[in-house]
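Each ligand, and each atom within it, is numbered from 1 in the order the structure gives.
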Amino acid sequence: MVDSATQRIEQLRTDIDEHNYRYYVLDEPAVPDAEYDRLMRELRDLESKHPELVTPDSPTQRVGAMPSNTFEEVTHRVPMLSLDNAFSAEELTEFDRRVRDRLKRAEPVEYVAEPKLDGLAVSLHYEDGRLVRAATRGDGYTGEDITANIRTIYSVPLRLRGKDYPAMLEVRGEVYMPKAGFEKLNRALADRGEKTFVNPRNAAAGSLRQKDARVTARRPLELCTYSVAVDNENDLPNRHWDCIQKLKGWGFRINPEMRKTTGVDECLEAYSDLLELRNELPYEIDGIVFKVNALELQRDLGFVSRAPRWAIAQKFPAQEEMTVVEAVEFQVGRTGAVTPVARLKPVFVGGVTVSNASLHNMDEIERLDLHVGDTVIIRRAGDVIPQVVKVVADKRPKGAQDVKRPERCPVCDSEVVQLEGEVVARCSGGLYCGAQQREAIKHYGSRRALDIEGLGEKWIDILFDRGMIKTVADLYTLTIDDLKTLDRMGEKSASNLVDAIAGSREPELWRFIYALGIREVGEATAKGLAAHFGDLQPLMEADEDALQVVPDVGPVVAGHVRLFFEQSHNQEIIQALKNAGVRWKQEAPSARSSPLSGKTFVLTGTLTEMTRDDAKAKLEAMGAKVSGSVSGKTSYVVAGEAAGSKLTKAESLGVPVMDEVEFLRFLEAQGV
Ligand code: IVH
């Protein structure tokens with residue numbers, strides 16, 4: 001009995017390891033998630049019936065061990081060195097010259113070019129193909145034992161693949177947090193009012209050095225390996241590149257952007273190619289590493305102090321810099337949201353000069369404990385708008401000013417209100433507020449709304465400041481003669497603009513609804529409303545219940561839509577638009593069928609992208625039933641973070657389970 005269990009357990013582990021390898025290392029899943037879940041479930045069941053058969057390398061053990069108080073010290077048998085840096089093409093050329101001088105070679109040297117991953121170096125120790133220990137770099141000579149934490153990372157093989165691995169093997173690589181996982185983690189931390197991480201590297205470090213490996217297990221960490229440090233058999237290939245291929249064969253993830261380069265010119269080309277790719281990569285890199293490919297030449301070159309002579313890191317421009325906050329001002333957006341903006345002493349970061357950074361809301365200022373006069377760390381990664389990620393507390397000057405919540409709108413002096421449970425403070429002036437009027441016009445003419453060509457934000461500012469337009473309806477009264485009075489507006493552009501405005505008189509209904517700028521009504525919702533109601537009048541008359549029948553419309557959105565059409569100034573603007581000849585195209589109303597009727601859902605755990613109430617409303621709007629308990633009749637369980645007994649029950653009953661990402665995709669597939 002136990003024998004057959006042993007065999008089955010072994011088979012399951014081999015199969016699951018194989019699926020993990022395909023999913024996490026090769027990025028080529030072989031089976032659907034449901035099949036993988038089924039295998040895991042079977043293995044977990046068998047192991048709970050035969051606890052004596054549980055081994056540390058079982059795939060079930062990735063959930064994280066119990067907390068420990070300390071990390072044991074580990075002495076590295078081969079020190080973990082660092083790399084010298086080159087900050088320019090000249091410095092890289094110098095490096096290549098030094099290499100060739102030392103090797104007394106005139107011909108170009110072959111290198112391997114690898115992204116310099118921005119994470120933490122780790123060393124992994126395998127005996128007879130099993131992971132026995134993992135350590136941080138520490139000071140290069142001794143690090144900390146982080147085996148329990150490393151086991152939780154799916155791209156770390158707990159057992160090596162194949163047969164040709166040495167009995168003793170020490171592998172080095174970088175543990176890092178992909179950008180998407182980092183952003184999700186920070187959002188969740190901020191939502192809970194907890195401290196966020198400055199960058200993915202810090203997040204990876206903080207996650208890896210958790211005393212409680214169960215926390216690490218929930219963090220999206222990955223491992224990429226880049227060298228073999230020790231093996232007892234000494235029959236590795238004699239080129240770095242080929243060693244890396246060996247690692248891949250043994251089940252390690254290696255970086256797909258690695259390539260061979262011969263001579264410094266190809267190295268410089270690899271540098272520019274990778275720099276161009278930088279923003280598109282799903283993880284952060286801070287440079288490119290060049291390593292002499294032939295291990296024999298590496299041995300000839302040797303080391304100086306703590307860095308090899310056979311490798312160098314050419315750094316990319318920094319994405320974080322320090323600067324000083326000179327002022328905090330408040331901007332008012334289209335929906336009245338009052339957003340604090342930090343005016344900065346200009347600083348060059350992420351390839352551009354940055355002099356403003358959004359501070360999002362007052363809570364963010366409090367979370368950062370930001371004062372005017374503070375020195376802050378600014379981060380600009382890729383095309384993302386610059387962020388203030390941290391205040392450098394010990395650089396706060398005497399007399400640094402606290403930032404006060406504004407009580408009145410800086411534009412129209414109306415009261416600023418912050419509803420309970422909302423983080424955003426809003427000007428209560430509505431369309432009486434100049435800022436909101438102006439932004440409403442910008443939104444109306446924008447590309448995704450009515451797409452009025454030539455009506456850029458700059459022209460709207462000018463027209464608005466001159467008092468030539470106050471509402472969107474005024475656009476249709478502008479004449480060529482009016483426009484010609486503006487600086488740098490010639491006859492031709494004026495006539496083009498008047499034509500473009502006139503050309504926007506017959507929009508599709510959904511575009512018109514979107515262009516009105518109702519809070520929380522994006523393009524998808526506008527399309528849903530247009531398809532459902534077919535015309536504006538029934539939409540204007542719909543009560544909240546009628547609105548919530550539309551996919552993607554929950555109580556919150558329904559409330560905003562209702563409020564918008566109730567306000568007399570909005571009704572006046574719509575009337576004025578009609579008078580100006582605006583006629584949207586009607587759609588055939590399609591009181592949408594209920595795609596999920598007859599289906600029962602159970603929601604459990606914490607969702608990060610929406611509240612459970614919102615999820616429930618969405619499902620119900622599509623005809624589904626949402627129930628509080630799992631049974632054999634449940635169609636799906638949606639399991640958010642830290643889902644508990646309902647998830648376990650669903651798994652034991654074989655009810656399909658979706659995590660939040662799958663749920664969002666599912667909603668999307670329903671046309672929500
Ligand atoms: S090789 C003896 N390769 O950079 C060479 N390091 O400054 C040792 N790193 O601590 C490192 N990507 O954390 C190497 N492809 C790569 C790397 C890489 C990132 C990090 C690593 C190391 C630091 C060296």
Side-chain angles (χ1 to χ4, degrees), residues 74 76-87 91-92 95 99 111-124 134-144 146 150 153 155-156 170-178 199-205 207-209 221-230 236 239-241 243-245 247-248 252-261 267 270-271 273-275 277-278 281-295 297-316 318-319:
V74 176
H76 299 303
R77 284 190 294 176
V78 176
M80 291 182 78
L81 303 167
S82 59
L83 292 167
D84 272 342
N85 292 322
F87 291 95
E91 289 182 16
L92 186 71
F95 162 78
V99 166
Y111 297 98
V112 176
E114 316 174 353
K116 187 166 190 296
L117 298 161
D118 206 2
L120 288 102
V122 293
S123 178
L124 308 176
T136 59
R137 175 167 181 269
D139 63 4
Y141 300 96
T142 45
E144 289 176 322
I146 48 161
I150 283 288
I153 302 175
S155 38
V156 173
E170 200 179 321
V171 171
R172 297 207 171 149
E174 195 87 349
V175 168
Y176 58 95
M177 189 176 285
N199 54 37
R201 199 197 110 80
N202 289 10
S207 304
L208 204 54
R209 290 196 75 267
L221 296 174
E222 277 179 21
L223 170 83
C224 244
T225 51
Y226 50 65
S227 75
V228 179
V230 185
L236 282 176
R239 278 169 207 284
H240 173 62
W241 178 269
C243 293
I244 296 294
Q245 304 313 314
L247 286 175
K248 184 169 182 188
F252 294 98
R253 188 187 182 105
I254 60 168
N255 191 286
E257 312 305 331
M258 282 191 183
R259 70 194 223 199
K260 287 189 236 180
T261 51
C267 290
Y271 173 89
D273 288 352
L274 191 61
L275 183 55
L277 203 62
R278 184 186 198 183
L281 294 174
Y283 45 83
E284 293 226 320
I285 58 176
D286 58 349
I288 184 166
V289 184
F290 297 104
K291 298 176 181 168
V292 170
N293 195 13
L295 298 187
L297 298 185
Q298 287 192 3
R299 277 189 290 274
D300 289 349
L301 287 160
F303 298 84
V304 256
S305 65
R306 305 187 54 184
R309 285 204 194 89
W310 44 263
I312 196 152
Q314 192 181 4
K315 300 298 282 273
F316 287 157
Q319 296 188 318

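Contact of the L281 side chain with the E257 side chain is registered, since non-hydrogen atoms from C-beta on lie closer than 4.5 Å.
Salt bridge annotation for E284-R201: absent, with no cationic side-chain nitrogen under 4.0 angstrom from a carboxylate oxygen.
Residues of the protein with a heavy atom under 4.0 Å from ligand 1 are L81, S82, L83, E114, P115, K116, L117, A121, R137, E174, Y226, V289, K291, P308, listed by chain and number.
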Derivation and outcome, side-chain contact (heavy atoms from CB on, under 4.5 Å), residues L301 and Q298: CA-CA 5 Å; L301 287 160; Q298 287 192 3; 5.8 Å; no
Using side-chain contact (heavy atoms from CB on, under 4.5 Å), reason through I285 and D118 one step at a time and then give a plain yes or no. CA-CA 5 Å; I285 58 176; D118 206 2; 5.9 Å; no
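Annotation: side-chain contact (heavy atoms from CB on, under 4.5 Å) contacts of N85 (sequence neighbours excluded): F87, A313, K315.
In this structure, E174 CD and L221 CG are separated by 12.0 Å, a value rounded to the nearest 0.5 Å.
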